[in-house]
Chemist: 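Take a look at this one; I'll ask things after.
Computed from heavy atoms alone, side chains included, the values below leave out hydrogens, waters and symmetry copies. Residue numbers start from 1 in every chain, and the chains themselves are labelled A, B, ... in the order their sequence lines are given, proteins ahead of strands.
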Amino acid sequence: MENNVRAVLEELNEEQRKAVQCLEGPVLIVAGAGSGKTRVLTSRVANLLAHGCDPSRVLALTFTKKAAGEMKERIAIMVGYKKARKVVMGTFHSIFVRFLREYASVLGYPEQFTIYDQSDSTSAVKTVIKELGLDDAVYKPRDVLARISAAKNNLITVSAYKTNAEALKSDSYAKKPRLVDVYERYQQRLKQSGVMDFDDILVNMNILLRDSREALEDISSRFSHIMVDEYQDTNLAQYIIVRKLAEKHRNVCVVGDDSQSIYAFRGARIQNILNFKKDYPECRVFRLERNYRSTRNIVEAANSVIEHNAGRIPKKCYAEGDSGEKLHVIKAYTEQHEAAEIVYSIQDRIRSEGAKYEDFALLYRTNAQSRALEEQLRRRNIPYMIYSGNSFFERAEVKDMMAYFKLVVNPLDDESFKRAVNKPARSIGDTTVKELEAAAASAGVPLFKAAYLEGLETYGLRAAAIAKLRAFCAMIDRLAQLVSNTDAFELAQHIADDSGLYAFYKSDNSIEGQARTANVEELINSVKQFVEEREEEAEGAEDVFTLDDYLENVSLLSNVDVADDEDTNNKVALMTAHSAKGLEFPFVYVTGLEENLFPSQSSQLSAHEVEEERRLFYVAMTRAKKVLTLSYAGTRMRNGRHESNPPSRFLSEIESRYLDKPLGGRIEKTGGTNQDRWSRGSSPMGVAGATRRPATMNEGAGPLKHPWVGQRPPYGSSTGSTGKPSTPLKPVDPDFVALPMTAFRPGMRIEHNRFGFGEILEITGSVPELKARVRFDELGEKLLLLKYAKMRLEKKA
DNA sequence: AAAGCGGTACTTTTT
DNA sequence: GTACCGCTTT
């Protein structure tokens, strides 16, 4: 083992080794992008253990489960699995939840409290707003929640808020004087429901350490060394917890990069890392400046951008070895064109360099931008995986099933109660639920308890409704008795059956219904996977892994955590720049580099926020190992409108010697050529435009080639005499997309997004009101207006 | 109680 | 362009 660590040390560069060997006292490791941060952190843990430190006395905090998992794995390789698993390593939230369960009673929560995700929290806020008789157009639930969240991140509890003149003033200025009441009632509701939201986990941890000397003493004495990853992203609540836990031994090692601080909107305080030296004057500082990930061109180009930010921790990141390709810039007319160029470039790399799909990442500022990329990838049959907010767990049917899981684990959870109570239909309608809510509010109890109150009739409930409610509660209660001693998978199946929810979805045979059933099955399957993984880790110990374990695990997942190997196996990755942090890919495309998009609109006003956007762009650039391509479009569809924006200022901040050709600048109207149609901004697409063809698009369009010239059309063959590509997926822009509706003929087999496969029987009407009568295999005949119908030729097997 | 409609807001990022 | 809400209808 000693030898192991010696070998580990030998592989490090000098600065890395110094950091790994500095085991006592406060340590700040400033780790540039790609500088081997994870290697240093894990080596340092291994080194601590080699020096006799008890692994269970090492606490390591990360932001994502993925980061924690990777570190654990790497530590296991160095010191063996047995020791590695004893290290207390995980996300801030998951580790703190563990502590909070131990001390739940001190805080007045049930030990098995559950956790609300963002959508649960939003609907709870909405409930409160209505309950208080406020207008939800003024008190927009999302905004209100953001405000509450900001308060919590800064440890402003309800009582502190009430006396916070500044906060109250700014609320009344924003015409929301009763926001504090919403905050108060929201907290009451959550507590009454035995629920914490994400922020409560940090707030309550602070309250615990502040108010219970015993808890502080107990928890902080469990650890001799604390390590914090991504320290630049910690907020005030996290900062204070770390400070308190490290107070005695002061063996706190934080790792981070101020240039990669991108979560200020979520309360992260870049000062935490900038001020570390003030907090711990005796600290040692190590700078990891050598980038092992990227080529020199990429590293230096990224440097040239980030140098536009003021007040950074001084450091000079550099790479050795190959200068590599210069950065490529794609300028496109529209987002479809941009996407097509990118896809073309991916195919080219695969053909000429033998790259694999999984070597590519497409990054963007907002999730909505994935659509155009997806469409182009799909039409070229390129496998891809989206890591996005709109994930599996946000689908209605999955949420329904999850509501039952949550309710069974915690019957006091009102939001889950309301979601589950009439799905499938039990004749417990809105009226009944409203009446029950009124009863619950006046008794000050959760809905589940309110159902058993005496005298519900006074609230208008009829005997039949009360009986139905109690039958529902009895079913939940019966299942709830099983939670603590039943295997999660087994219980999940019971719930799916007893609730009738599975049968409900199963009975729907439509295409969509089948997809929903598949999703519910997949959810239950994920419970099974969870149990199996845990059993494997437990190595034959007789533990039972229960549904509350599963819920906790799932509710603290992030976007990048959700994807498993099967999902990501050799697929192009699509994600936001935020989600990409901590990841790396040989080929990276940073897309949508336009003003008002990246940097985003809302950052226009404050220099502060522009700097955060710039750091985000820096993060995106530094994901690339080998080739970095940047792209922007002259016009793109946003909120159903065409928008034109000039290229992002960030592009011109890159020193030109790192670009493969000079920046073209804005795609301007030149007049005369048809190029102007791509830059005309918000003017709507006229019907008249539909008669124009993209045939001459190349003329006068500079270096741009038509994205599909020389390419095989996606499905079937071109039908028109013009030789234009035919049948795109979506007639987004009739000028550009070559008149899809005229391509359909009777007898063709088609595939419709919603109705499935079918055969065209007849085409009637004339452009643009062409209609098709289609006989669908599953659903019989339908008349579709081709202008709107989302259909394409059936793909030949 | 479910389905169908018309209007509106949405798009910054998320543990 | 779409998702969601609230209203109306069956």
Side-chain angles (χ1 to χ4, degrees), chain A residues 61-68 90-97 115-119 121-123 126 136-137 140-143 145-146 149 152-153 196-202 229-230 233-235 237-238 261-268 335 363-372 375 387-391 394-396 422-433 555-562 575-581 592 596-604 609 612-613 615-617 619-620 636-643 684-685 730-733 753 788 790:
Chain A
L61 299 168
T62 67
F63 273 84
T64 67
K65 205 161 251 179
K66 194 168 182 222
T91 64
F92 280 91
H93 289 80
S94 67
I95 299 281
F96 294 167
V97 163
I115 298 159
Y116 270 180
D117 64 22
Q118 176 129 358
S119 82
S121 302
T122 310
S123 64
K126 201 181 287 174
D136 68 356
K140 290 185 193 145
R142 254 192 38 198
D143 295 354
L145 183 64
S149 174
K152 289 182 181 180
N153 285 329
M196 292 188 198
D197 67 14
F198 285 141
D199 304 315
D200 286 334
I201 293 170
L202 304 179
D229 190 18
E230 307 278 18
D233 286 333
T234 51
N235 61 28
Q238 289 161 323
S261 162
I262 55 174
Y263 285 113
F265 71 93
R266 206 167 75 189
E335 75 265 39
L363 308 183
Y364 35 79
R365 182 65 181 81
T366 66
N367 279 308
Q369 289 166 253
S370 69
R371 174 157 299 137
E375 282 173 6
Y387 300 71
S388 95
N390 193 11
S391 66
E394 286 179 29
R395 290 165 187 274
N422 202 31
K423 195 101 191 179
R426 297 189 176 84
S427 313
I428 303 176
D430 290 347
T431 323
T432 305
V433 173
S555 57
L556 296 173
L557 284 180
S558 73
N559 281 345
V560 268
D561 292 328
V562 177
M575 66 186 86
T576 63
H578 281 89
S579 300
K581 191 159 101 171
N596 299 320
L597 187 60
F598 201 166
S600 84
Q601 219 140 19
S602 45
S603 63
Q604 288 303 342
E609 287 166 309
E612 173 143 324
E613 296 283 316
R615 290 192 293 269
L616 183 59
F617 182 52
V619 167
R636 97 172 44 236
M637 184 84 98
R638 271 220 283 176
N639 303 344
R641 299 227 148 274
H642 293 279
E643 260 183 33
M685 287 296 164
K730 211 169 117 189
V732 180
D733 179 338
N753 277 4
Y788 300 119
K790 298 216 163 146

Chemist: Among B:dT14, B:dC10, B:dA1, which is the nearest nucleotide to the side chain of A:Gln118?
Modeler: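 Selected nucleotide: B:dT14.
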Chemist: Nearest whole Å is fine: how far is C:dT2 P from A:Arg371 CZ?
Modeler: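 In whole Å, C:dT2 P lies 6 Å from A:Arg371 CZ.
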Chemist: Does the aromatic ring of A:Phe265 sit over the six-membered base ring of B:dT13, closer than 5.5 Å centre to centre and tilted less than 30°?
Modeler: yes
Chemist: Determine the minimum heavy-atom distance between A:Thr576 and A:Thr366, stating which atoms define it.
Modeler: CG2-C, 4.3 Å
Chemist: Reading DNA chain B 5' to 3', how would its secondary structure be written in dot-bracket notation, given Watson-Crick and G-U pairs with both distances under 3.5 Å, brackets [ ] for crossing pairs and | for partners on other strands?
Modeler: ||||||||||.....
Chemist: Check every atom of B:dA1, C:dG6, B:dT15 against the side chain of A:Asp136 and return the nucleotide holding the closest atom.
Modeler: C:dG6
Chemist: Rounding to a whole Å, what distance do you find between A:Arg638:CZ and C:dT2:P?
Modeler: 17 Å
Chemist: Taking all non-hydrogen atoms of both residues into account, name the closest pair between A:Ala264 and A:Glu612 and its distance.
Modeler: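 Heavy atoms of A:Ala264 and A:Glu612 come nearest at CB-OE1, 2.8 Å.
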Chemist: Between A:Phe265 and A:Tyr263, what is the ring plane arrangement, given parallel below 30°, perpendicular above 60°, and tilted in between?
Modeler: tilted
Chemist: Contact between A:Thr122 and A:Pro141 at the side-chain level, heavy atoms closer than 4.5 Å - yes or no?
Modeler: yes
Chemist: Tell me the closest heavy-atom pair linking A:Asp197 and A:Lys152, and the distance in Å.
Modeler: OD2-NZ, 2.7 Å
Chemist: Report yes if a side-chain nitrogen or oxygen of A:Ser579 is closer than 4.0 Å to either non-bridging phosphate oxygen (OP1 or OP2) of B:dT14; otherwise report no.
Modeler: yes
Chemist: Atom CZ of A:Arg426 and atom P of B:dA2: how far apart are they, to the nearest Å?
Modeler: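 The answer, rounded to whole Å, is 11 Å.
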Chemist: The side chain of A:Phe198 lies closest to which of these nucleotides: B:dA2, B:dT15, B:dT14?
Modeler: B:dT15
Chemist: If only atom types and distance count, is the side chain of A:Ser600 paired as donor or acceptor with the main-chain N or O of A:Asn596 below 3.5 Å?
Modeler: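 Judged by distance alone, no pair lies under 3.5 Å.
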Chemist: Of all the choices, B:dA2, B:dC10, B:dT13, which nucleotide is nearest to the side chain of A:Asn422 once you look at every atom?
Modeler: B:dA2
Chemist: What is the distance, to the nearest angstrom, from the CG atom on A:Asp197 to the P atom on B:dT14?
Modeler: 18 Å
Chemist: From A:Leu556 CG over to A:Ile201 CD1, what is the distance, rounded to the nearest 0.5 angstrom?
Modeler: 5.5 Å
Chemist: May I have the distance from A:Arg615 (atom CZ) to B:dT13 (atom P), rounded to whole angstrom?
Modeler: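 Value for this atom pair: 18 Å.
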Chemist: Please figure out whether A:Asn639 or A:Thr431 has its closest DNA chain B nucleotide nearer the 5' end.
Modeler: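 The residue closer to the strand's 5' end, by nearest nucleotide, is A:Thr431.
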Chemist: From the set B:dC10, B:dA1, B:dT13, return the single nucleotide nearest to any side-chain atom of A:Thr576.
Modeler: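 Closest nucleotide among those given: B:dT13.
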Chemist: Nearest heavy atom decides the nucleotide; on that basis, is A:Leu616 or A:Lys140 closer to the 5' end of DNA chain B?
Modeler: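 Mapping each residue to its closest nucleotide by heavy atoms, the 5'-most match is A:Lys140.
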Chemist: Is the distance from OP1 or OP2 of B:dT15 to the nearest side-chain N or O of A:Asn235 less than 4.0 Å?
Modeler: no
Chemist: Distance check needed: B:dT14 C1' versus A:Ile201 CD1, whole Å only.
Modeler: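 Taking atom C1' of B:dT14 as the reference, CD1 of A:Ile201 is at 13 Å.
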Chemist: Nearest of B:dA1, B:dT15, B:dT14 to any side-chain atom of A:His578?
Modeler: B:dT14
Chemist: Rounded to whole Å, please give me the gap between CD in A:Gln369 and C1' in B:dC10.
Modeler: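 So the CD-C1' distance, A:Gln369 to B:dC10, works out to 14 Å.
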Chemist: Provide the closest heavy-atom pair for A:Ala268 versus A:Asp233 in the form atom of the first, atom of the second, distance.
Modeler: CB-O, 3.3 Å
Chemist: Looking across every strand, which nucleic acid part, if any, lies under 4.0 Å from A:Lys581 by heavy atom: base, sugar-phosphate, or nothing?
Modeler: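 No contact.
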Chemist: Just the rounded figure in Å: distance from C1' of B:dT15 to CZ of A:Arg266.
Modeler: 4 Å
Chemist: Under 4.0 Å, counting only non-hydrogen atoms across every strand here, what does A:Ile115 touch: a base, just sugar-phosphate, or nothing?
Modeler: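 No contact.
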